[in-house]
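First the structure, in the form of structure tokens, and then the observations on it.
Hydrogens, waters and symmetry mates play no part in the numbers below; they use all other heavy atoms, side chains included.
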Amino acid sequence: MSNSSSITEFLLLAFADTRQLQLLHFWLFLGIYLAALLGNGLIITTVACDHRLHTPMYFFLLNFSLLDLGSISTTVPQSMANSLWDSRAISYWGCAAQVFFFTFLFVAEYCVLTIMVYDRYVAICKPLHYGTLLGSRACVHMAAAAWGSGFLYAVMHTANTFSLPLCQGNAVDQFFCEIPQILKLSCSDAYLREVGLLVLSACLAFGCFVFILFSYVQIFRAVLRIPSDQVCHRAFSTCLPHLAVVSLFISTAAFAYLKPPSISSPVLDLVVAVLYSVVPPAVNPLLYSMRNQELKDALSKMMNGCFSERIFPVFFCRAFIM
């Protein structure tokens, strides 16, 4: 039996035992990571550089892309390094930092997604009040509240989780450190207070989900009453990508944390963790840009300016686009 005072490192779940599969995992994750860096980096750069995109919707999209970059950078590099060097180890404090940053960024992402729904709700259902309800000061306050909520939530849960005595060894049944897997290592009954906090958090998350659902019902009711096909198409083009991102985020996370114990297995847990922590940051930029003509036009303009040396030197732009 071990306890938390004697644990200096944790052993993460390996994706494969053979060297060939470990290298395949490394290259696969490297490709996904680079795709996430490129996609989210392009969105951040485009929104920041194009004054036409300095609106509440794109301000929150910029925040969401920053959170996506942070989220995938918290888990994937460590997993890639372990596969490359044929290791499973992560230090005790490295594991605590991973729990903190992943929780912080994950919760902040959910808050920003909820705010983005509110933005679309006001824009479509209460357009005359849009400037009042979503002025620049209000947007900054809402974004700060999202980041602050994630930070406070992460501090509370990380401190509570790593204050528990760990008596079940140091092998974590996941490719990164997450709270439910750390709780499995705790002594019997000692984890109940953290479970209580998680239940409270789940209730708050469910409240946000109900708000998102209600807002989209109101949005689609309002859109379907619009007589102009062009305006209706524009409204759908701004809402559908966000709806796809929300659906991907909530469905994968809900299945990961709410699936019945009877169907749980290390392989299934690993696959689901990849689906909710690795795939979305790489896919979200594609979902947002696929039907968003404004964003595509701004990106095209930025690239044209890049190649004509209006923004960056040509050699830098070519490296940036590749």
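S83 and H25 form a side-chain donor-acceptor contact under 3.5 Å, judged by distance and modelled atom types alone. Judged purely by distance below 3.5 Å, without hydrogens or angles, the side chains of Q174 and D269 never pair a donor atom with an acceptor atom. No side-chain donor-acceptor contact under 3.5 Å links Y58 and D50. Judged by distance alone, the side chains of Y276 and S251 never bring a donor and an acceptor atom under 3.5 Å apart.
One finds the CD atom of E109 at 10.5 Å from the CG atom of L66 (value rounded to the nearest 0.5 Å). Of the inter-residue distances, the one linking F60 atom CZ with L62 atom CG reads 11.0 Å to the nearest 0.5 angstrom. The line from CD1 of I72 to CG of L34 is 9.5 Å long, rounded to the nearest 0.5 Å. How far CG of D119 is from CE of M142: 7.5 Å, rounded to the nearest 0.5 Å.
Hydrophobic cluster membership is shared by V210 and V112, with clusters built from Ile, Leu, Val, Met, Phe, Trp and Tyr side chains linked at under 4.5 angstrom. Note: the hydrophobic cluster containing L28 also contains L23 (ILVMFWY, side chain heavy atoms under 4.5 Å, direct or indirect links). Note: the hydrophobic cluster containing L152 also contains F101 (ILVMFWY, side chain heavy atoms under 4.5 Å, direct or indirect links). Following chains of ILVMFWY side-chain contacts shorter than 4.5 Å, one cannot reach L21 starting from V278, and the two form parts of different hydrophobic clusters. By the criterion of side-chain heavy atoms lying less than 4.5 angstrom apart, applied directly or through intervening Ile, Leu, Val, Met, Phe, Trp or Tyr residues, L24 is not grouped with M80; the two fall into different hydrophobic clusters.
Side-chain atoms of F104 and Y153, non-hydrogen and from C-beta on, never get closer than 4.5 Å to each other. You'll find the side chain of T46 reaches within 4.5 Å of the side chain of L53, heavy atoms only. Two residues are said to be in side-chain contact when any heavy atoms from C-beta on lie closer than 4.5 Å; Y118 and F211 meet this criterion. V272 is listed as a side-chain neighbour of L268, based on a closest heavy-atom distance under 4.5 Å. Contact check for T55 versus F59: no side-chain heavy atoms found under the 4.5 Å cut-off. Between Y92 and E9, the closest side-chain pair of non-hydrogen atoms is not below 4.5 Å. Between V172 and L11 there is no side-chain heavy-atom pair separated by less than 4.5 Å. Between F175 and S277, the closest side-chain pair of non-hydrogen atoms falls below 4.5 Å.
In R221, the CZ atom is not crowded: 12 or fewer heavy atoms of neighbouring residues, nucleotides or ligands sit closer than 6.0 Å. By the 6.0 Å contact criterion, CZ on R137 is open, its count of non-hydrogen atoms from other residues, nucleotides or ligands being 12 or less. Within 6.0 Å of NZ on K126 lie no more than 12 heavy atoms contributed by other residues, nucleotides or ligands. For F26, the CZ atom sits in a packed shell: over 12 heavy atoms of surrounding residues, nucleotides or ligands are nearer than 6.0 Å.
Nearest heavy atoms, C125 versus P127: C-CD, 3.4 Å. Minimum heavy-atom separation, T74 to F102: CG2-N, 3.8 Å. Among all heavy-atom pairs drawn from A143 and I115, the shortest one is N-CD1, 4.5 Å. Closest of all the heavy-atom pairs between P280 and L275 is CD-O, 2.9 Å. Across all their heavy atoms, V117 and I219 have their closest contact at O-CD1, 4.2 Å.
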**Prompt:** Do Q78 and Q98 pass the side-chain contact (heavy atoms from CB on, under 4.5 Å) test, and can you show the C-alpha distance, the side-chain angles, and the key distance before you say yes or no?
**Reply:** CA-CA 9 Å; Q78 177 69 47; Q98 202 171 60; 3.8 Å; yes
**Request:** Dump the intermediate steps for side-chain contact (heavy atoms from CB on, under 4.5 Å) on F15 and V274, then the final yes or no.
**Result:** CA-CA 11 Å; F15 273 85; V274 170; 3.9 Å; yes
**Item:** Residue pair T114, F209: steps toward the side-chain contact (heavy atoms from CB on, under 4.5 Å) verdict
**Value:** CA-CA 8 Å; T114 305; F209 172 73; over 6 Å; no
**Request:** Would you sort out whether I32 and V76 count as a side-chain contact (heavy atoms from CB on, under 4.5 Å), showing the intermediate values?
**Result:** CA-CA 9 Å; I32 295 174; V76 169; 6.0 Å; no
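Between Y33 and F29, the distance from one ring center to the other does not fall under 6.0 angstrom. Annotation: Y121 is not in aromatic contact with Y216 [ring centroid separation under 6.0 Å not met].
Cysteines C95 and C177 are disulfide-linked, with SG atoms closer than 2.5 angstrom.
Side-chain N or O atoms of T158 include none that pairs as donor or acceptor with a backbone N or O of V155 at under 3.5 Å. Proximity of a side-chain donor or acceptor of N160 to a complementary backbone N or O of M156 within less than 3.5 Å is not detected. Panel note: side chain N40, backbone L69; no donor-acceptor pair is recorded below 3.5 Å. At least one donor-acceptor pair closer than 3.5 Å links the side chain of H54 to the backbone N or O of V47.
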